[in-house]
Amino acid sequence: MDLTRRRFLAAAPVAFTGTLGAGSLLAALEAHSRALPDLSSWDAVRAQFALDPAWAHFASFFIASHPAPVRDAIEAWRSAMDRDPFQVIEAGMFEEESKNVPLKVQGAIAKYIGGRAEDVALTRSTTEGLALIYHGLPLRAGDEIVVTTHDHYSHHESIRLANERSGATERRIKLYDDAKDATLDSLVSNLLAGIGPKTRVVGLTWVHSSTGMRLPIREMAKALKDQHPDVLLVLDGVHGIGAVDETIATMGPDYIAAGTHKWMFAPRGTGMLWSNADGWARLRPTVPNFTDWESYNAWAEERPVKGPNIAARVAPGGFHAFEHQWAMSAAFEMHEAMGRARVANRIAELNTRIKQQLAGHPKIRVHTPESPALSAGLVAFEIDGVKPEDIVKRLREQKIVASTSPYAVTYARLAGSLVNTPEEVDRAAQAVVRLAG
Ligand SMILES: Cc1ncc(COP(=O)(O)O)c(C=O)c1O
(Lines give C-alpha, C1' and ligand atoms only; values in the text may rest on other atoms or scores of the structure.)
Protein backbone atom coordinates (compact mmCIF):
# COMPACT_ATOMS: atom_id res chain seq x y z
CA MET A 1 0.00 0.00 0.00
CA ASP A 2 1.45 3.30 -1.03
CA LEU A 3 0.91 5.55 1.94
CA THR A 4 2.78 8.81 1.92
CA ARG A 5 3.38 11.18 4.78
CA ARG A 6 0.62 13.31 3.31
CA ARG A 7 -1.93 10.79 4.49
CA PHE A 8 -0.72 10.89 8.02
CA LEU A 9 -3.56 12.63 9.83
CA ALA A 10 -4.77 14.60 6.83
CA ALA A 11 -8.52 13.97 6.86
CA ALA A 12 -8.94 15.26 3.33
CA PRO A 13 -5.62 15.05 1.54
CA VAL A 14 -4.81 18.21 -0.39
CA ALA A 15 -2.02 18.22 -2.93
CA PHE A 16 0.91 20.19 -1.57
CA THR A 17 1.34 22.95 -4.08
CA GLY A 18 4.56 24.38 -2.78
CA THR A 19 3.08 27.85 -2.78
CA LEU A 20 1.84 29.48 0.38
CA GLY A 21 2.76 26.71 2.79
CA ALA A 22 6.20 26.16 1.36
CA GLY A 23 6.80 29.92 1.13
CA SER A 24 5.78 30.44 4.73
CA LEU A 25 7.76 27.47 5.89
CA LEU A 26 10.87 28.61 4.08
CA ALA A 27 10.47 32.19 5.29
CA ALA A 28 10.06 30.95 8.84
CA LEU A 29 13.04 28.63 8.51
CA GLU A 30 15.12 31.46 7.14
CA ALA A 31 14.13 33.85 9.92
CA HIS A 32 14.74 31.09 12.40
CA SER A 33 18.21 30.37 11.08
CA ARG A 34 19.30 34.03 11.07
CA ALA A 35 22.90 34.54 12.10
CA LEU A 36 23.31 34.42 15.85
CA PRO A 37 24.12 37.69 17.62
CA ASP A 38 27.56 38.41 19.03
CA LEU A 39 27.91 36.21 22.14
CA SER A 40 31.59 36.76 22.72
CA SER A 41 31.22 38.62 26.03
CA TRP A 42 28.97 37.87 29.01
CA ASP A 43 27.46 41.35 28.68
CA ALA A 44 26.48 40.47 25.11
CA VAL A 45 24.93 37.21 26.32
CA ARG A 46 23.03 38.98 29.09
CA ALA A 47 21.72 41.51 26.57
CA GLN A 48 19.79 38.69 24.85
CA PHE A 49 17.39 38.42 27.79
CA ALA A 50 14.37 40.64 28.37
CA LEU A 51 14.53 40.14 32.14
CA ASP A 52 13.37 43.02 34.34
CA PRO A 53 16.62 44.90 35.07
CA ALA A 54 15.25 46.19 38.38
CA TRP A 55 15.75 42.70 39.82
CA ALA A 56 18.75 40.40 40.32
CA HIS A 57 17.50 37.03 39.02
CA PHE A 58 18.89 34.08 40.96
CA ALA A 59 16.13 31.58 40.19
CA SER A 60 16.53 31.43 36.41
CA PHE A 61 16.96 27.65 36.57
CA PHE A 62 13.30 27.35 37.62
CA ILE A 63 12.03 28.22 34.14
CA ALA A 64 13.84 30.08 31.37
CA SER A 65 13.39 33.61 30.16
CA HIS A 66 13.65 33.20 26.37
CA PRO A 67 16.79 34.87 24.95
CA ALA A 68 16.44 36.93 21.73
CA PRO A 69 17.40 34.13 19.28
CA VAL A 70 14.74 31.89 20.84
CA ARG A 71 12.13 34.67 20.92
CA ASP A 72 12.86 35.39 17.24
CA ALA A 73 12.58 31.73 16.27
CA ILE A 74 9.27 31.35 18.12
CA GLU A 75 7.95 34.50 16.49
CA ALA A 76 9.02 33.35 13.02
CA TRP A 77 7.22 30.02 13.42
CA ARG A 78 4.21 31.58 15.12
CA SER A 79 3.59 34.12 12.39
CA ALA A 80 4.03 31.48 9.66
CA MET A 81 1.57 29.19 11.48
CA ASP A 82 -0.91 31.99 12.02
CA ARG A 83 -0.82 32.78 8.30
CA ASP A 84 -1.34 29.20 7.22
CA PRO A 85 -1.41 26.64 10.01
CA PHE A 86 -2.39 23.68 7.85
CA GLN A 87 0.27 24.00 5.18
CA VAL A 88 3.10 25.07 7.49
CA ILE A 89 2.53 22.29 10.00
CA GLU A 90 1.71 19.72 7.32
CA ALA A 91 4.93 20.56 5.48
CA GLY A 92 7.01 20.70 8.66
CA MET A 93 5.67 17.43 10.08
CA PHE A 94 4.44 15.17 7.33
CA GLU A 95 6.04 16.04 3.99
CA GLU A 96 9.56 15.41 2.79
CA GLU A 97 12.04 14.09 5.32
CA SER A 98 14.54 16.76 4.28
CA LYS A 99 12.10 19.46 5.40
CA ASN A 100 10.92 17.70 8.54
CA VAL A 101 11.33 20.23 11.35
CA PRO A 102 11.28 17.88 14.38
CA LEU A 103 14.12 15.94 12.72
CA LYS A 104 16.11 19.16 12.36
CA VAL A 105 15.50 19.97 16.01
CA GLN A 106 16.62 16.47 16.99
CA GLY A 107 19.74 17.03 14.88
CA ALA A 108 20.59 20.25 16.75
CA ILE A 109 20.10 18.50 20.10
CA ALA A 110 22.10 15.44 18.99
CA LYS A 111 25.04 17.63 18.00
CA TYR A 112 25.07 19.29 21.41
CA ILE A 113 24.70 16.06 23.43
CA GLY A 114 27.11 14.01 21.29
CA GLY A 115 24.52 11.50 20.09
CA ARG A 116 22.41 10.58 17.06
CA ALA A 117 19.36 12.56 15.95
CA GLU A 118 17.30 9.37 15.70
CA ASP A 119 17.96 8.63 19.38
CA VAL A 120 16.35 11.87 20.56
CA ALA A 121 12.63 12.04 21.37
CA LEU A 122 11.14 15.51 21.79
CA THR A 123 9.04 15.93 24.92
CA ARG A 124 7.48 18.79 26.83
CA SER A 125 9.34 18.45 30.12
CA THR A 126 11.54 16.34 32.36
CA THR A 127 8.37 15.15 34.06
CA GLU A 128 6.87 13.87 30.81
CA GLY A 129 10.16 12.17 29.86
CA LEU A 130 10.49 10.38 33.20
CA ALA A 131 6.88 9.17 33.03
CA LEU A 132 7.47 7.83 29.50
CA ILE A 133 10.55 5.91 30.65
CA TYR A 134 9.12 4.33 33.78
CA HIS A 135 5.78 3.48 32.14
CA GLY A 136 7.61 2.08 29.14
CA LEU A 137 10.06 -0.24 30.89
CA PRO A 138 9.08 -3.93 30.80
CA LEU A 139 8.94 -4.41 34.58
CA ARG A 140 6.68 -6.79 36.50
CA ALA A 141 5.91 -8.00 40.00
CA GLY A 142 9.12 -9.13 41.70
CA ASP A 143 11.22 -6.43 39.99
CA GLU A 144 12.56 -3.52 42.00
CA ILE A 145 13.47 0.06 41.12
CA VAL A 146 16.08 1.68 43.35
CA VAL A 147 15.83 5.44 43.50
CA THR A 148 17.34 7.95 45.90
CA THR A 149 15.87 10.14 48.61
CA HIS A 150 17.34 13.14 46.74
CA ASP A 151 15.20 12.93 43.61
CA HIS A 152 12.42 15.28 42.58
CA TYR A 153 8.69 14.75 43.02
CA SER A 154 8.37 14.14 39.24
CA HIS A 155 10.83 11.25 39.43
CA HIS A 156 9.32 9.53 42.49
CA GLU A 157 5.79 9.98 41.18
CA SER A 158 6.65 8.60 37.73
CA ILE A 159 7.90 5.46 39.47
CA ARG A 160 4.92 5.20 41.83
CA LEU A 161 2.38 5.58 39.01
CA ALA A 162 4.20 3.09 36.78
CA ASN A 163 4.60 0.56 39.60
CA GLU A 164 0.88 0.71 40.36
CA ARG A 165 0.36 -0.77 36.92
CA SER A 166 3.31 -3.15 36.63
CA GLY A 167 3.45 -4.49 40.20
CA ALA A 168 7.17 -3.67 40.48
CA THR A 169 8.33 -2.14 43.77
CA GLU A 170 10.48 0.85 44.69
CA ARG A 171 13.18 1.22 47.32
CA ARG A 172 14.80 4.55 48.21
CA ILE A 173 18.41 4.87 49.22
CA LYS A 174 20.39 7.82 50.58
CA LEU A 175 23.61 8.76 48.81
CA TYR A 176 24.67 11.19 51.55
CA ASP A 177 23.52 12.71 54.85
CA ASP A 178 24.83 16.19 54.06
CA ALA A 179 25.75 16.85 50.43
CA LYS A 180 28.71 19.06 51.37
CA ASP A 181 30.48 16.09 53.01
CA ALA A 182 29.98 13.66 50.11
CA THR A 183 32.92 12.49 48.00
CA LEU A 184 33.16 10.65 44.71
CA ASP A 185 34.03 7.44 46.58
CA SER A 186 31.23 7.75 49.12
CA LEU A 187 28.69 8.42 46.37
CA VAL A 188 29.81 5.42 44.33
CA SER A 189 29.96 3.07 47.31
CA ASN A 190 26.56 4.16 48.68
CA LEU A 191 25.05 3.55 45.26
CA LEU A 192 26.56 0.09 44.94
CA ALA A 193 25.55 -0.82 48.51
CA GLY A 194 21.96 0.04 47.59
CA ILE A 195 21.64 -2.50 44.78
CA GLY A 196 19.79 -5.69 45.74
CA PRO A 197 19.09 -9.02 44.03
CA LYS A 198 15.75 -7.81 42.62
CA THR A 199 17.02 -4.44 41.40
CA ARG A 200 16.35 -4.02 37.68
CA VAL A 201 16.51 -0.23 37.40
CA VAL A 202 18.28 2.60 39.24
CA GLY A 203 17.01 6.17 39.06
CA LEU A 204 19.39 9.07 39.71
CA THR A 205 19.32 12.86 39.36
CA TRP A 206 22.35 14.55 37.87
CA VAL A 207 22.13 17.81 39.82
CA HIS A 208 19.97 17.70 42.95
CA SER A 209 17.72 20.73 43.11
CA SER A 210 17.39 20.06 46.84
CA THR A 211 21.08 20.55 47.72
CA GLY A 212 22.91 21.60 44.56
CA MET A 213 24.89 18.31 44.60
CA ARG A 214 26.09 17.28 41.15
CA LEU A 215 26.53 13.53 41.00
CA PRO A 216 29.63 12.23 39.20
CA ILE A 217 27.43 10.35 36.74
CA ARG A 218 30.20 9.00 34.52
CA GLU A 219 31.92 7.33 37.46
CA MET A 220 28.68 6.14 39.06
CA ALA A 221 27.38 4.69 35.78
CA LYS A 222 30.66 2.90 35.17
CA ALA A 223 30.80 1.42 38.66
CA LEU A 224 27.17 0.28 38.39
CA LYS A 225 27.64 -1.31 34.96
CA ASP A 226 30.92 -2.98 35.98
CA GLN A 227 29.22 -4.76 38.87
CA HIS A 228 25.63 -5.01 37.59
CA PRO A 229 25.65 -4.92 33.80
CA ASP A 230 21.95 -5.81 33.58
CA VAL A 231 20.71 -3.04 35.86
CA LEU A 232 19.36 -0.11 33.85
CA LEU A 233 20.24 3.46 34.78
CA VAL A 234 17.69 6.27 34.37
CA LEU A 235 18.84 9.88 34.79
CA ASP A 236 16.94 13.09 35.43
CA GLY A 237 19.39 15.43 33.71
CA VAL A 238 17.49 18.71 33.84
CA HIS A 239 19.88 20.80 35.96
CA GLY A 240 22.97 19.46 34.21
CA ILE A 241 22.13 20.04 30.55
CA GLY A 242 23.18 23.58 29.64
CA ALA A 243 25.10 24.03 32.91
CA VAL A 244 27.77 21.30 32.78
CA ASP A 245 30.35 20.61 30.06
CA GLU A 246 29.32 17.10 29.06
CA THR A 247 28.35 15.14 25.97
CA ILE A 248 25.48 13.61 27.85
CA ALA A 249 24.72 10.88 25.33
CA THR A 250 28.11 9.36 26.18
CA MET A 251 27.88 9.61 29.98
CA GLY A 252 26.67 6.09 30.68
CA PRO A 253 22.99 6.13 31.71
CA ASP A 254 20.58 4.08 29.57
CA TYR A 255 17.88 6.78 29.63
CA ILE A 256 18.17 10.53 30.14
CA ALA A 257 15.16 12.81 30.56
CA ALA A 258 15.67 16.55 30.64
CA GLY A 259 13.53 19.62 30.29
CA THR A 260 15.28 22.08 28.00
CA HIS A 261 13.36 25.06 29.38
CA LYS A 262 15.74 25.69 32.26
CA TRP A 263 19.53 25.96 31.72
CA MET A 264 19.27 25.43 27.94
CA PHE A 265 16.96 28.49 27.50
CA ALA A 266 14.83 26.56 24.99
CA PRO A 267 11.16 27.52 24.83
CA ARG A 268 9.04 26.90 27.90
CA GLY A 269 7.26 23.58 27.53
CA THR A 270 10.10 21.75 25.77
CA GLY A 271 12.28 18.82 26.75
CA MET A 272 14.06 15.79 25.41
CA LEU A 273 14.50 12.13 26.09
CA TRP A 274 17.62 10.25 25.03
CA SER A 275 18.44 6.56 24.87
CA ASN A 276 20.47 4.36 22.54
CA ALA A 277 19.09 1.82 20.06
CA ASP A 278 19.02 -0.98 22.69
CA GLY A 279 17.33 1.28 25.20
CA TRP A 280 14.65 2.33 22.75
CA ALA A 281 14.09 -1.26 21.62
CA ARG A 282 13.42 -2.25 25.24
CA LEU A 283 10.89 0.53 25.89
CA ARG A 284 7.15 0.37 25.15
CA PRO A 285 5.55 3.59 23.91
CA THR A 286 2.86 5.11 26.13
CA VAL A 287 1.43 7.92 23.97
CA PRO A 288 0.57 7.49 20.26
CA ASN A 289 3.25 9.20 18.17
CA PHE A 290 2.97 11.50 15.15
CA THR A 291 6.59 10.94 14.09
CA ASP A 292 6.96 7.30 13.01
CA TRP A 293 5.50 6.45 9.68
CA GLU A 294 5.42 2.70 10.33
CA SER A 295 3.13 3.21 13.36
CA TYR A 296 0.62 4.97 11.14
CA ASN A 297 0.85 2.42 8.32
CA ALA A 298 0.37 -0.48 10.73
CA TRP A 299 -2.73 1.20 12.13
CA ALA A 300 -4.14 1.93 8.67
CA GLU A 301 -3.46 -1.63 7.51
CA GLU A 302 -4.70 -3.15 10.76
CA ARG A 303 -1.53 -5.12 11.39
CA PRO A 304 1.16 -5.17 14.10
CA VAL A 305 3.89 -2.54 13.98
CA LYS A 306 7.03 -3.97 12.40
CA GLY A 307 10.57 -3.67 13.70
CA PRO A 308 12.06 -2.75 17.05
CA ASN A 309 10.84 0.23 19.00
CA ILE A 310 12.62 3.52 18.27
CA ALA A 311 12.70 7.05 19.69
CA ALA A 312 10.21 8.31 17.10
CA ARG A 313 7.62 5.90 18.50
CA VAL A 314 8.07 7.18 22.05
CA ALA A 315 7.92 10.93 21.29
CA PRO A 316 4.38 11.91 22.34
CA GLY A 317 2.15 12.71 19.39
CA GLY A 318 -0.84 14.97 19.09
CA PHE A 319 -0.46 18.52 17.90
CA HIS A 320 1.72 20.60 20.16
CA ALA A 321 2.72 24.25 20.59
CA PHE A 322 4.89 23.70 17.52
CA GLU A 323 6.19 27.27 17.47
CA HIS A 324 7.86 26.41 20.78
CA GLN A 325 9.01 22.90 19.91
CA TRP A 326 10.42 23.95 16.54
CA ALA A 327 12.29 26.90 18.06
CA MET A 328 14.28 24.55 20.32
CA SER A 329 17.18 24.43 17.86
CA ALA A 330 17.78 28.16 18.31
CA ALA A 331 18.63 27.52 21.98
CA PHE A 332 20.95 24.61 21.21
CA GLU A 333 22.68 26.63 18.50
CA MET A 334 23.07 29.54 20.92
CA HIS A 335 24.71 27.22 23.47
CA GLU A 336 27.01 25.80 20.78
CA ALA A 337 28.01 29.35 19.85
CA MET A 338 28.66 30.32 23.48
CA GLY A 339 30.67 27.13 23.96
CA ARG A 340 29.75 24.34 26.37
CA ALA A 341 32.96 24.58 28.40
CA ARG A 342 32.85 28.38 28.53
CA VAL A 343 29.24 28.33 29.77
CA ALA A 344 29.97 25.66 32.39
CA ASN A 345 33.05 27.55 33.63
CA ARG A 346 31.12 30.80 33.96
CA ILE A 347 28.33 29.09 35.91
CA ALA A 348 30.87 27.36 38.18
CA GLU A 349 32.73 30.64 38.70
CA LEU A 350 29.59 32.55 39.74
CA ASN A 351 28.38 29.84 42.10
CA THR A 352 31.83 29.38 43.63
CA ARG A 353 31.81 33.12 44.28
CA ILE A 354 28.50 32.78 46.13
CA LYS A 355 29.79 29.84 48.20
CA GLN A 356 33.03 31.62 49.08
CA GLN A 357 31.13 34.61 50.48
CA LEU A 358 28.75 32.48 52.54
CA ALA A 359 31.47 30.14 53.79
CA GLY A 360 32.73 30.48 57.32
CA HIS A 361 29.84 32.57 58.63
CA PRO A 362 28.88 31.01 61.97
CA LYS A 363 25.13 31.17 61.24
CA ILE A 364 25.15 30.16 57.56
CA ARG A 365 25.24 26.50 56.58
CA VAL A 366 25.96 25.88 52.90
CA HIS A 367 24.81 22.38 51.88
CA THR A 368 26.17 22.39 48.33
CA PRO A 369 29.61 20.78 47.95
CA GLU A 370 32.43 23.29 47.60
CA SER A 371 34.04 21.39 44.76
CA PRO A 372 32.92 22.49 41.26
CA ALA A 373 33.22 18.80 40.28
CA LEU A 374 30.39 17.94 42.67
CA SER A 375 28.24 21.01 42.09
CA ALA A 376 26.85 23.03 39.20
CA GLY A 377 24.54 26.06 39.15
CA LEU A 378 22.79 25.97 42.51
CA VAL A 379 23.85 26.97 46.01
CA ALA A 380 21.58 25.63 48.78
CA PHE A 381 21.97 27.07 52.26
CA GLU A 382 20.34 27.73 55.61
CA ILE A 383 20.61 30.58 58.07
CA ASP A 384 20.25 29.53 61.70
CA GLY A 385 17.00 30.90 63.11
CA VAL A 386 15.58 32.11 59.75
CA LYS A 387 13.14 29.95 57.80
CA PRO A 388 14.09 29.39 54.13
CA GLU A 389 10.87 31.03 52.92
CA ASP A 390 11.66 34.08 55.08
CA ILE A 391 15.14 34.29 53.56
CA VAL A 392 13.52 34.39 50.13
CA LYS A 393 11.03 37.06 51.27
CA ARG A 394 13.72 39.25 52.80
CA LEU A 395 15.86 38.99 49.65
CA ARG A 396 12.83 39.87 47.54
CA GLU A 397 12.49 43.11 49.54
CA GLN A 398 15.96 43.91 48.20
CA LYS A 399 14.97 43.08 44.62
CA ILE A 400 16.81 39.78 44.64
CA VAL A 401 14.95 36.74 43.29
CA ALA A 402 15.89 33.59 45.22
CA SER A 403 13.93 30.37 45.76
CA THR A 404 13.38 27.52 48.20
CA SER A 405 13.84 23.87 47.29
CA PRO A 406 10.48 22.04 46.97
CA TYR A 407 11.44 19.00 49.06
CA ALA A 408 10.51 17.56 52.46
CA VAL A 409 13.62 19.27 53.89
CA THR A 410 13.74 22.75 52.40
CA TYR A 411 16.72 25.05 51.91
CA ALA A 412 17.06 28.53 50.44
CA ARG A 413 18.74 28.62 47.01
CA LEU A 414 20.69 31.15 45.00
CA ALA A 415 21.52 30.06 41.46
CA GLY A 416 24.15 32.06 39.63
CA SER A 417 23.60 31.78 35.89
CA LEU A 418 24.49 33.44 32.59
CA VAL A 419 21.98 36.21 33.30
CA ASN A 420 24.00 37.37 36.33
CA THR A 421 27.09 39.52 36.74
CA PRO A 422 29.77 38.98 39.42
CA GLU A 423 28.58 42.29 40.96
CA GLU A 424 25.06 40.93 41.29
CA VAL A 425 26.48 37.79 42.85
CA ASP A 426 28.27 39.92 45.44
CA ARG A 427 25.11 41.92 46.14
CA ALA A 428 23.05 38.74 46.67
CA ALA A 429 25.69 36.98 48.77
CA GLN A 430 26.26 40.06 50.93
CA ALA A 431 22.50 40.43 51.43
CA VAL A 432 22.46 36.85 52.80
CA VAL A 433 25.43 37.59 55.06
CA ARG A 434 23.68 40.69 56.43
CA LEU A 435 20.50 38.70 57.00
CA ALA A 436 22.49 36.19 59.04
CA GLY A 437 23.71 39.08 61.20
C1 LIG B 1 15.45 17.78 39.65
C2 LIG B 1 14.20 18.19 38.93
N3 LIG B 1 13.59 17.31 38.10
C4 LIG B 1 12.46 17.64 37.44
C5 LIG B 1 11.90 18.88 37.55
C6 LIG B 1 10.68 19.20 36.73
O7 LIG B 1 11.11 19.74 35.52
P8 LIG B 1 10.17 19.88 34.26
O9 LIG B 1 9.45 21.17 34.41
O10 LIG B 1 11.09 19.91 33.08
O11 LIG B 1 9.25 18.71 34.26
C12 LIG B 1 12.49 19.82 38.40
C13 LIG B 1 11.86 21.13 38.57
O14 LIG B 1 12.07 22.16 38.45
C15 LIG B 1 13.66 19.47 39.11
O16 LIG B 1 14.26 20.34 39.93
Could you go through the side chain to side chain contact (heavy atoms under 4.5 Å, CB included) check for N190 and K174 one step at a time?
-> CA-CA 7 Å; N190 287 338; K174 244 195 215 181; over 6 Å; no
Examine distances only and state if a side-chain atom of R268 and a backbone atom of A64 form a donor-acceptor pair shorter than 3.5 Å.
-> yes
Do the non-hydrogen side-chain atoms of D52 and H57 ever get within less than 4.5 Å of each other?
-> yes
I would like to know whether F319 and F290 meet ring-ring contact (aromatic ring centres under 6.0 Å, His included); could you show each step before the answer?
-> CA-CA 8 Å; F319 288 121; F290 277 22; 5.5 Å; yes
Within the side chain of T199, is there an N or O that forms a donor-acceptor pair under 3.5 Å with the backbone of V201?
-> no
Ring-face cation of R365 near F381 (centre distance under 6.0 Å, axis angle within 45°) | no
Write down the atom of H324, the atom of P267, and the distance for their closest heavy-atom approach.
-> O-CG, 3.1 Å
Parallel, tilted or perpendicular: rings of H150 and Y176 (30°, 60°) | parallel
D390/R394 salt bridge by N-O under 4.0 Å criterion | no
Where the side chain of T368 meets the backbone of T211, is there a donor-acceptor pair that is under 3.5 Å apart?
-> yes
Between L130, V147, T126, L132, which is the residue that forms a side-chain contact (heavy atoms from CB on, under 4.5 Å) with S158?
-> L130
Closest heavy-atom contact between A415 and N420?
-> O-OD1, 3.6 Å
Heavy-atom side-chain proximity of P69 to P37 below 4.5 angstrom | yes
Side-chain donor/acceptor of H320 to backbone N/O of P316, under 3.5 Å | yes
Please tabulate, one pair per line, all N/O donor-acceptor pairs under 3.5 Å involving side-chain atoms of residues 253-265, not counting sequence neighbours.
from : atom 1 : to   : atom 2 : distance (Å)
D254 : OD1    : K225 : NZ     : 3.4
D254 : OD2    : K225 : NZ     : 2.6
D254 : OD2    : L233 : N      : 2.8
Y255 : OH     : G279 : O      : 2.6
Y255 : OH     : R282 : NH1    : 3.1
T260 : OG1    : T270 : O      : 3.1
T260 : OG1    : T270 : OG1    : 2.8
T260 : OG1    : G271 : N      : 3.4
H261 : ND1    : G269 : N      : 2.9
K262 : NZ     : F62  : O      : 2.8
W263 : NE1    : H239 : ND1    : 3.1

Is it the case that N100 and E95 place a side-chain donor and acceptor less than 3.5 Å from each other?
-> no
Go through the side-chain N and O atoms of T250 and R218 and say whether any donor and acceptor fall under 3.5 Å apart.
-> yes
When you check the side-chain N and O atoms of S209 and Y407, is any donor under 3.5 Å from an acceptor?
-> yes
Between R124 and E128, is the closest basic N to carboxylate O distance under 4.0 Å?
-> yes
Worked check of side chain to side chain contact (heavy atoms under 4.5 Å, CB included) between L273 and V120 | CA-CA 6 Å; L273 188 49; V120 174; over 6 Å; no
Is there a donor in the side chain of D151 and an acceptor in the side chain of T148, or the other way round, less than 3.5 Å apart?
-> yes
Only one of H66, M334, M338 passes side-chain contact (heavy atoms from CB on, under 4.5 Å) with Q48, and that residue is M334
Salt-bridged, K198 to D143, with N to O below 4.0 Å?
-> no
Does the H208 side chain pair with the main chain of S210, one donor and one acceptor, at a distance under 3.5 Å?
-> no
Return yes if a side-chain donor-acceptor contact under 3.5 Å exists between S375 and K355, otherwise no.
-> yes
Nearest 0.5 Å please: distance from the OG1 atom of T421 over to the CG atom of D43.
-> 8.5 Å
W274 six-ring face occupied by R116 cation (under 6.0 Å, within 45°) = no
Does the pair D185 and T183 meet the rule for a side chain to side chain donor-acceptor pair (under 3.5 Å), with working shown?
-> CA-CA 5 Å; D185 288 348; T183 62; 5.5 Å; no
Decide yes or no for T149 and I173: does some side-chain heavy atom of the first lie under 4.5 Å from some side-chain heavy atom of the second?
-> no
Quick one: does H135's side chain have a donor or acceptor within less than 3.5 Å of a partner on A131's backbone?
-> yes
Is the shortest distance from a Lys or Arg side-chain nitrogen in R427 or E424 to a carboxylate oxygen in the other one below 4.0 Å?
-> no
Are any of the side-chain heavy atoms of T247 and R340 separated by less than 4.5 Å?
-> yes
Please confirm whether the backbone N or O of L161 pairs with a side-chain atom of R165, one donor and one acceptor, at under 3.5 Å?
-> yes
Do S403 and R413 have side-chain N/O donor and acceptor atoms under 3.5 Å apart?
-> yes
Report the relative orientation of the aromatic rings in F322 and W326; use parallel for angles under 30°, tilted for 30 to 60°, perpendicular for over 60°.
-> tilted
The ring-ring contact (aromatic ring centres under 6.0 Å, His included) partners of Y411 (sequence neighbours excluded) come to H367
When every non-hydrogen atom of P422 is compared with those of R346, the smallest separation belongs to CD-NH2, 3.6 Å
Could you tell me the separation between the CZ atom of R71 and the CD1 atom of I74, rounded to the nearest 0.5 Å?
-> 9.0 Å
Sub-4.5 Å side-chain heavy-atom contact between V105 and I109 | yes
Could you tell me whether the side chain of T205 reaches within less than 4.5 Å of the side chain of L235, counting heavy atoms only?
-> no
Flag, side chain of Q106 to backbone of A117, donor-acceptor distance under 3.5 Å = yes
Distance in Å, R313 CZ paired with N289 CG, rounded so as to fall on 0.5 Å steps = 8.0 Å
Of all the heavy-atom pairs spanning T169 and N163, show the shortest one and how long it is.
-> C-ND2, 3.4 Å
Nearest heavy atoms of P372 and A348, plus distance in Å = CB-CB, 4.4 Å
K222 bridged to E219 by N-O distance under 4.0 Å | no
Do W42 and R342 touch side chain to side chain, with heavy atoms closer than 4.5 Å?
-> yes
Separation of D178 CG from M213 CE (nearest 0.5 Å) = 9.0 Å
Closest approach of R46 to L418 (non-hydrogen atoms, all atoms of both residues) = CG-O, 3.1 Å
Give the C-alpha distance, both sets of side-chain angles, the deciding distance and a yes or no for side chain to side chain contact (heavy atoms under 4.5 Å, CB included) between I364 and V433.
-> CA-CA 8 Å; I364 300 176; V433 168; 4.3 Å; yes
Between the main-chain N or O of A311 and the side-chain N or O of N309, is there a donor-acceptor pair closer than 3.5 Å?
-> no
Mind checking the CD-CG spacing from E370 to D181? Nearest 0.5 Å is all I need.
-> 10.5 Å
Could you check R200 against I145 for side chain to side chain contact (heavy atoms under 4.5 Å, CB included), going step by step and ending with a plain yes or no?
-> CA-CA 6 Å; R200 301 284 168 268; I145 300 175; over 6 Å; no
If you round to the nearest 0.5 Å, how far is CD of Q430 from CD1 of I400?
-> 10.5 Å
